[in-house]
K.L.:
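Take this structure, written in structure tokens, and hold onto it; I'll ask about it next.
Because the structure is predicted, anything quoted here is derived from the model rather than measured.
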Amino acid sequence: MTLASSTRTSHRTGSTQVARTGSWVDDLWTRLTADPVRARRTEWVIIGVLTAVAALIRFVRLGTPQRLVFDEVYYVMDGWSLVNAGYESEYPADDARDQFASGNVNGFDPDSPSYVVHPPFGKLLIGWAMQIFGAEHIWAWRVAVAFFGTLAVPLMYLVGRKLLGSIGLAAIGAGFLALDGHAITTSRVSILDGLLMFFVLLGFYFLLLDREHHERQLVARMAQWRKQAHRKDPRIPLEPVPSKWSWTVGKRGQQPPTGPDYGPVVWNRPWLVAMAVTLALATAVKISGVVFLAAFCLAAVGLDAAVRKREGVTFWLSGAVLKQAPIAFVLTIPLALATYLCTWWGWLSTEGGYYRQWASEAADRAWTGAFGWVPLPLQSLWHYHSEALKFHEGLQGDHPYISPAYEWPFMLRPTAFAYDYYSQGQSGCSANECVVAINSLSNPLMYWLGTVAVVFLLLYLFVRPNWRYVLILVGVAAGYLPWLLTGRTSIYHFYVIAWLPFMYLAAPVALQTLAGSPTDRRRGRTIAVNCVLAFLIAAVVVSIWFMPIWTGAMIPKWYWYTTMWLPGWR
């Protein structure tokens with residue numbers, strides 16, 4: 001949020017009247033950021049406070065509940081067998097879940113591989129943390145997701161700062177993520193979706209860094225071209241003249257060019273490479289990460305085309321798509337594929353994993369012809385993925401918390417990870433009835449603002465096009481549209497966590513629009529800023545009130561009812 005105070009001078013019949021602008025918040029913010037030293041200090045304080053708050057919420061009482069919750073039965077137990085055997089294994093005991101919770105964590109059978117449909121990297125992170133801290137400690141099951149969930153908050157600040165260019169707007173976005181119930185529960189229950197969110201957000205940050213780095217190189221090389229071309233033809237301007245729409249690759253017109261035909265090719269793009277590797281890791285957490293990889297690569301091509309157009313490249317779109325994009329493909333996709341395969345190293349380097357011997361078990365299974373050279377383990381891995389894809393495509397169910405994707409923007413049916421009911425005197429319950437719940441329910445004020453803000457940005461693009469709004473919408477679309485278009489019925493609202501940060505990047509933009517500008521008259525600006533502050537305070541109060549149902553604290557049943565605003569939340 002651009003916060004500054006200013007004055008305006010108007011002249012009336014020989015007299016000068018100074019009309020004050022801005023608000024008391026603008027005045028305070030001006031003092032806090034009056035010079036680079038103060039601004040840097042303010043920024044570090046904001047990052048430190050938000051990270052500390054996020055860490056406290058996510059780590060305190062991390063061992064509660066003292067049992068496997070929701071899909072932890074898959075990811076914790078599979079993660080432990082994965083880091084020990086190299087692949088996920090079955091736990092044959094009928095009471096394996098209870099035994100694991102009581103400390104008997106080595107009840108898996110390496111000779112009985114488990115069929116799983118998610119890649120291994122997220123489970124590896126969970127398992128490695130258990131190896132470091134001890135799998136017998138319940139909090140150690142969840143420490144990996146809590147760590148990355150906490151780290152996502154300062155990362156969110158960096159993304160907001162880079163994308164929106166404002167300390168205030170970045171702080172609001174990061175604050176929303178720190179205090180949102182959806183982000184909290186997926187950081188306190190050891191499932192994969194919070195990890196997916198972190199790596200998607202990190203990949204987005206690298207995309208922003210690549211945009212800056214790539215633009216600097218293009219601008220410098222275009223300036224050099226104009227300087228050299230101007231010596232030969234003085235009609236060619238030294239300053240960039242934006243090109244008009246031009247996809248064609250044919251002859252140019254009779255007018256002198258304002259830039260080269262297609263523009264230069266840039267190989268030096270380390271942040272684009274980092275983005276590809278990071279999003280390959282996101283894909284290795286959940287396969288839906290590949291959609292973000294494809295979407296962000298396309299966004300990088302679009303950003304390149306926009307710079308070429310602004311710098312006067314004649315065939316700027318074909319230059320971006322046909323000249324630079326193939327280089328970007330070479331820099332990203334092979335390395336992303338190699339990174340993804342590396343996360344399967346345990347399965348590839350051992351022989352007992354599910355489907356591991358598929359290609360070698362029957363003579364008619366191995367590939368022949370042009371792909372006959374592919375090693376048999378990789379052929380088996382391909383079959384594994386094809387079977388997992390069929391599983392996901394045909395997955396149906398009647399789980400009580402199934403929520404169609406069209407409901408997600410309205411948060412009609414969030415997922416309950418755990419519910420336990422107690423009578424007076426049981427486990428410290430002092431009321432007539434008590435509830436211990438872990439409900440993956442976002443702060444409704446924040447979430448619904450995020451939904452409205454996404455629609456606002458989509459409409460605002462027609463009024464004031466902005467690459468920042470486009471990137472936010474690309475992040476939302478990459479996460480949401482595949483689920484909206486899928487034929488699966490067994491899907492859940494907690495999947496939203498993967499693109500929730502993009503909703504919370506849109507929200508500050510909407511609030512900034514409502515708050516107006518620091519150059520607005522003081523009365524109107526003050527009223528608008530006070531309204532925005534009142535909303536933010538109300539959102540914080542709601543987070544504090546909802547905290548027990550996000551962290552599994554025991555509360556009276558009447559308290560629990562006050563958090564169930566809609567029938568579908570129960």
K.L.:
Treating Arg61 as the side-chain partner and Gly552 as the backbone partner, does any N or O pair qualify as donor plus acceptor under 3.5 Å?
P.N.:
yes
K.L.:
Ring-plane angle category for Phe70 and Tyr492, please: parallel below 30°, perpendicular beyond 60°, tilted otherwise.
P.N.:
perpendicular
K.L.:
I need the minimum non-hydrogen distance between Leu505 and Leu164, along with the two atoms involved.
P.N.:
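Looking at all heavy atoms of both residues, the shortest contact is O-CD1, 4.0 Å.
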K.L.:
Given 3.5 Å as the limit, does a donor-acceptor pair link the side chain of Thr150 with the main chain of Ala146, or not?
P.N.:
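Yes, Thr150 side chain to Ala146 backbone: donor-acceptor pair under 3.5 Å.
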K.L.:
Looking at side-chain heavy atoms only, is the closest gap between Leu192 and His118 below 4.5 Å?
P.N.:
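Result yes, sub-4.5 Å side-chain heavy-atom pair found.
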K.L.:
Under a 3.5 Å distance rule, please check whether Trp271 uses its side chain to pair with a backbone N or O of Tyr205 as donor and acceptor.
P.N.:
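No, Trp271 side chain to Tyr205 backbone: no donor-acceptor pair under 3.5 Å.
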K.L.:
Take atom CH2 in Trp448; do more than 12 heavy atoms of anything else shown fall under 6.0 Å from it?
P.N.:
yes
K.L.:
Would a distance-only check, ignoring hydrogens and angles, find a side-chain to backbone donor-acceptor pair under 3.5 Å from Gln217 to Asn268?
P.N.:
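Answer holds: yes.
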K.L.:
Report yes or no: does Gln324 contribute a side-chain atom to a donor-acceptor pair with the main-chain N or O of Val266 at less than 3.5 Å?
P.N.:
yes
K.L.:
Which residues pass the salt bridge (Lys or Arg N to Asp or Glu O under 4.0 Å) test with Asp304, not counting sequence neighbours?
P.N.:
Arg308
K.L.:
Should the heavy atoms of other residues, nucleotides or ligands under 6.0 Å from CZ of Phe546 be counted, would the total exceed 12?
P.N.:
yes
K.L.:
So, taking the atom named CG in Leu177 and the one named CG in Leu50, what distance separates them when rounded to the nearest 0.5 Å?
P.N.:
10.0 Å
K.L.:
Would you mind reporting whether Met564 and Asn439 have side-chain heavy atoms less than 4.5 Å apart?
P.N.:
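Yes, at least one pair of side-chain atoms sits under 4.5 Å.
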K.L.:
Working to the nearest 0.5 Å, report the span between CD1 of Ile402 and CD of Glu407.
P.N.:
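Answer rounded to 0.5 Å: 11.0 Å.
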K.L.:
If I compare all heavy atoms of Ala506 with all of Ile472, which pair ends up nearest, and what's the gap?
P.N.:
CB-CG2, 4.0 Å
K.L.:
For the pair Gln512 and Leu169, evaluate side chain to side chain contact (heavy atoms under 4.5 Å, CB included) and give the outcome as yes or no after the intermediate values.
P.N.:
CA-CA 8 Å; Gln512 181 189 39; Leu169 296 182; 3.8 Å; yes
K.L.:
To check you understand the geometry: which heavy-atom pair defines the closest contact between Pro414 and Tyr401, and what is its length?
P.N.:
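It is O-CD2, 3.3 Å.
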K.L.:
How about Val145 and Ile191: do any of their side-chain heavy atoms sit closer than 4.5 Å?
P.N.:
no
K.L.:
Counting only pairs under 3.5 Å, give me each side-chain donor-acceptor contact of residues 276-290, with atom names and distances, residues two or more places apart or in other chains.
P.N.:
unit_1 : atom_1 : unit_2 : atom_2 : d
Thr278 : OG1    : Ala274 : O      : 2.8
Thr283 : OG1    : Leu279 : O      : 2.9
Thr283 : OG1    : Val290 : N      : 3.1
Lys286 : NZ     : Asp193 : OD2    : 3.0

K.L.:
Between Val540 and Ile544, is the side chain to side chain contact (heavy atoms under 4.5 Å, CB included) condition met? List the steps.
P.N.:
CA-CA 6 Å; Val540 172; Ile544 294 172; 4.1 Å; yes
K.L.:
Could you tell me which non-hydrogen atom of His182 sits nearest to which non-hydrogen atom of Thr185, and how far apart they are?
P.N.:
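Heavy-atom minimum between the residues: O-OG1, 3.2 Å.
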K.L.:
Side-chain contact test, heavy atoms from C-beta onward, threshold under 4.5 Å: evaluate it for Val200 versus Trp499 and give yes or no.
P.N.:
no
K.L.:
Trp560: what forms a ring-ring contact (aromatic ring centres under 6.0 Å, His included) with it, not counting sequence neighbours?
P.N.:
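Once residues adjacent in sequence are excluded, the partners of Trp560 under the ring-ring contact (aromatic ring centres under 6.0 Å, His included) criterion are Tyr419.
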K.L.:
I need the single residue from Tyr384, Phe121, Trp382 that forms a ring-ring contact (aromatic ring centres under 6.0 Å, His included) with Trp344. Which is it?
P.N.:
Tyr384
K.L.:
Taking Ile184's backbone N and O only, do any of them form a donor-acceptor pair with Arg188's side chain (distance below 3.5 Å, no angle check)?
P.N.:
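No: the side chain of Arg188 does not pair with the backbone of Ile184.
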K.L.:
Looking at residues at least two apart in the chain, or sitting in another chain, which of them share a ring-ring contact (aromatic ring centres under 6.0 Å, His included) with Phe148?
P.N.:
Phe198, Phe199
K.L.:
In terms of side-chain geometry, is the basic nitrogen of Lys390 or Glu387 positioned less than 4.0 Å from the acidic oxygen of its partner?
P.N.:
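Yes.
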K.L.:
Side chains of Asp420 and Arg67: closer than 4.5 Å at any heavy-atom pair?
P.N.:
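A side-chain contact exists here, since the closest heavy-atom pair is under 4.5 Å.
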K.L.:
How long is the straight-line distance from CZ of Phe176 back to CE of Met446, given to the nearest 0.5 Å?
P.N.:
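It is 5.0 Å, given to the nearest 0.5 Å.
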K.L.:
Can you name the nearest heavy-atom pair linking Ser166 to Arg161, along with the distance?
P.N.:
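Looking at all heavy atoms of both residues, the closest pair is N-NH1, 3.7 Å.
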K.L.:
Decide yes or no for Val25 and Val532: does some side-chain heavy atom of the first lie under 4.5 Å from some side-chain heavy atom of the second?
P.N.:
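Not touching, per the 4.5 Å side-chain cut-off.
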K.L.:
Under a 3.5 Å distance rule, please check whether Arg413 uses its side chain to pair with a backbone N or O of Gly568 as donor and acceptor.
P.N.:
yes
K.L.:
Applying side-chain hydrogen bond (donor to acceptor under 3.5 Å, both in side chains), which residue pairs with at least one partner in residues 536-551 are found, sequence neighbours left out?
P.N.:
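Only Asn443-Ser543, Trp545-Thr562 qualify under side-chain hydrogen bond (donor to acceptor under 3.5 Å, both in side chains).
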K.L.:
Using the ring-ring contact (aromatic ring centres under 6.0 Å, His included) rule, pick out the option among Tyr87, Tyr115, Trp347 that qualifies with Tyr354.
P.N.:
Tyr115
K.L.:
Could you tell me if the side chain of Ile126 sits less than 4.5 Å from the side chain of Trp141, heavy atoms only?
P.N.:
no
K.L.:
Can you see which heavy atom on Ala300 is nearest to which on Leu272, and at what distance?
P.N.:
CB-CD1, 3.9 Å
K.L.:
Looking at side-chain heavy atoms only, is the closest gap between Pro119 and Thr343 below 4.5 Å?
P.N.:
no
K.L.:
Would you call the rings of Tyr495 and Trp483 parallel, tilted or perpendicular, taking 30° and 60° as the class edges?
P.N.:
tilted
K.L.:
For Lys123 and Tyr74: C-alpha separation, side-chain torsions, deciding distance, then whether side chain to side chain contact (heavy atoms under 4.5 Å, CB included) applies.
P.N.:
CA-CA 9 Å; Lys123 289 168 284 187; Tyr74 305 115; over 6 Å; no
K.L.:
Show the numbers, then the answer: is there a side chain to side chain donor-acceptor pair (under 3.5 Å) between Glu43 and Tyr157?
P.N.:
CA-CA 10 Å; Glu43 197 163 12; Tyr157 178 86; 2.7 Å; yes
K.L.:
Could you check, using the six-membered ring where one of them is a Trp, whether His493 and Tyr447 have ring centers closer than 6.0 angstrom?
P.N.:
yes
K.L.:
About how many Å separate SG of Cys297 and CZ of Phe329, when rounded to the nearest 0.5 Å?
P.N.:
9.0 Å
K.L.:
Identify all side-chain donor-acceptor contacts of residues 457-470 below 3.5 Å with residues at least two apart in sequence or on another chain.
P.N.:
unit_1 : atom_1 : unit_2 : atom_2 : d
Asn466 : OD1    : Arg468 : N      : 2.8
Arg468 : NE     : Leu163 : O      : 2.7

K.L.:
Within this structure, what is the CZ-CE distance for the pair Phe296 and Met275, rounded to the nearest 0.5 Å?
P.N.:
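Reported value, rounded in 0.5 Å steps: 8.0 Å.
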K.L.:
For a side chain to side chain contact (heavy atoms under 4.5 Å, CB included) check, start with the C-alpha distance between Met130 and Val76, then their side-chain angles and the critical distance, and finish with the verdict.
P.N.:
CA-CA 9 Å; Met130 294 164 67; Val76 171; 3.9 Å; yes
K.L.:
Rounded at 0.5 Å granularity, tell me how far CG in Leu196 sits from CD1 in Ile497.
P.N.:
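Taking CG in Leu196 and CD1 in Ile497, the distance rounds to 9.5 Å.
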K.L.:
Between the side chain of Thr451 and the main-chain N/O of Pro409, is any donor-acceptor distance below 3.5 Å?
P.N.:
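Answer holds: yes.
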